[in-house]
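The first residue in the sequence is number 1, and the count goes up from there.
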Amino acid sequence: MTLEEIHGQEPVPAGHDWMQGAGKALHELLVSAQRRGCLTAGVYESAKVMNVDPDNVAFCVLATDEEDEGDIALQIHFTLIQAFCCENDIDIVRVNDVAKLAAIVGPSEESGEPRDLHCILITNPNEDGWKDPALEKLNLFCEESRNVNDWVPTITLPE
């Protein structure tokens with residue numbers, strides 16, 4: 001008997017298509033959130049938002065590259081952010097390609113400078129009726145991942 005059978009849940013669909021769908025949904029969500037002004041980029045900026053209004057945070061993305069793996073300070077920040085997200089029921093994913101994120105999100109609108117994309121938060125806009133289908137897909141993806149004890153799944157962004 002599998003864990004899914006015990007809990008009466010379907011297993012997470014294995015394979016490339018499921019992960020590719022999650023990557024495409026994340027791309028759509030990032031573009032939509034940036035257009036609506038609901039995207040916060042940066043570890044410190046994200047921490048401020050989570051500290052002030054955690055109920056307003058809808059989704060969290062943690063991103064690293066190979067060179068970031070040895071950055072102990074960044075890993076400590078990630079651990080604290082993950083714990084905060086778990087405590088506040090905020091879905092969270094990892095992305096292993098900061099360059100792809102930069103291509104989607106782009107530079108800071110104020111200064112035009114590259115921004116810290118190691119942590120990105122999607123917040124709820126002031127409009128009550130905003131229901132993003134991409135966010136709903138990612139929430140389902142995260143829920144299904146948790147069902148198989150993958151608490152912070154890694155998503156690959158599409159090319």
Backbone of [Y] reached by a side-chain donor or acceptor of [X] within 3.5 Å:
X      : Y      : value
Asp150 : Arg146 : no
Asp116 : His118 : yes
Ser145 : Phe141 : yes
Asp65  : Val98  : yes
Lys137 : Ala25  : no

Value rounded to 0.5 Å, distance of [atom1] in [X] from [atom2] in [Y]:
X      : Y      : atom1 : atom2 : value
Ile155 : Leu26  : CD1   : CG    : 5.0 Å
Thr64  : Glu69  : OG1   : CD    : 4.5 Å
Asp71  : Phe78  : CG    : CZ    : 8.5 Å
Leu30  : Leu117 : CG    : CG    : 9.5 Å
Leu121 : Asn56  : CG    : CG    : 10.0 Å
Leu135 : Leu140 : CG    : CG    : 11.5 Å

* Evaluation steps, side chain to side chain contact (heavy atoms under 4.5 Å, CB included), between Val105 and Leu39 -> CA-CA 9 Å; Val105 176; Leu39 187 138; 4.0 Å; yes

* **Sidechain N-carboxylate O distance under 4.0 Å for Asp132, Arg36** => no

* Can you establish whether the number of heavy atoms outside Glu67 located under 6.0 Å from its atom CD is more than 12? => yes

* For atom CD of Glu87, is the number of surrounding heavy atoms from other residues, nucleotides or ligands below 6.0 Å larger than 12? -> no

Residue pair [X] / [Y], side-chain heavy-atom distance below 4.5 Å:
X      : Y      : answer
Cys142 : Val93  : yes
Val95  : Leu62  : no
Cys38  : Asn124 : no
Val61  : Ile92  : no
Asn96  : Thr154 : yes

Looking only at heavy atoms, which two atoms of [X] and [Y] are closest? And how far apart?
X      : Y      : answer
Ala33  : Ile122 : CB-CD1, 3.7 Å
Pro158 : Gly23  : CD-O, 3.4 Å
Leu157 : Lys100 : O-NZ, 3.0 Å
Leu29  : Phe59  : CD2-CD2, 4.1 Å

* Asked: What residues join Ile76 in its hydrophobic cluster, counting side-chain heavy atom gaps under 4.5 Å, either direct or through other members?
  -> Ile72, Leu80

* Same apolar cluster (I L V M F W Y, side chains within < 4.5 Å links), Val152/Ile120 -> no

* Check each of Arg35, Gln34, Glu28 against Val31 using the side-chain contact (heavy atoms from CB on, under 4.5 Å) test, and report the only one that passes. => Arg35

* Check against side chain to side chain contact (heavy atoms under 4.5 Å, CB included), His77 and Gln82 -> CA-CA 9 Å; His77 287 295; Gln82 286 174 209; over 6 Å; no

* To do: Go through the steps to decide whether Cys119 and Ile81 satisfy the test side chain to side chain contact (heavy atoms under 4.5 Å, CB included), and finish with yes or no.
  => CA-CA 9 Å; Cys119 182; Ile81 290 168; 3.8 Å; yes

Going by atom type alone, with no hydrogens or angles, which donor-acceptor pairs under 3.5 Å involve a side-chain atom of residues 42-55 and a protein atom two or more places apart or on another chain?
from: Ser46; atom 1: OG; to: Gly42; atom 2: O; distance (Å): 2.6

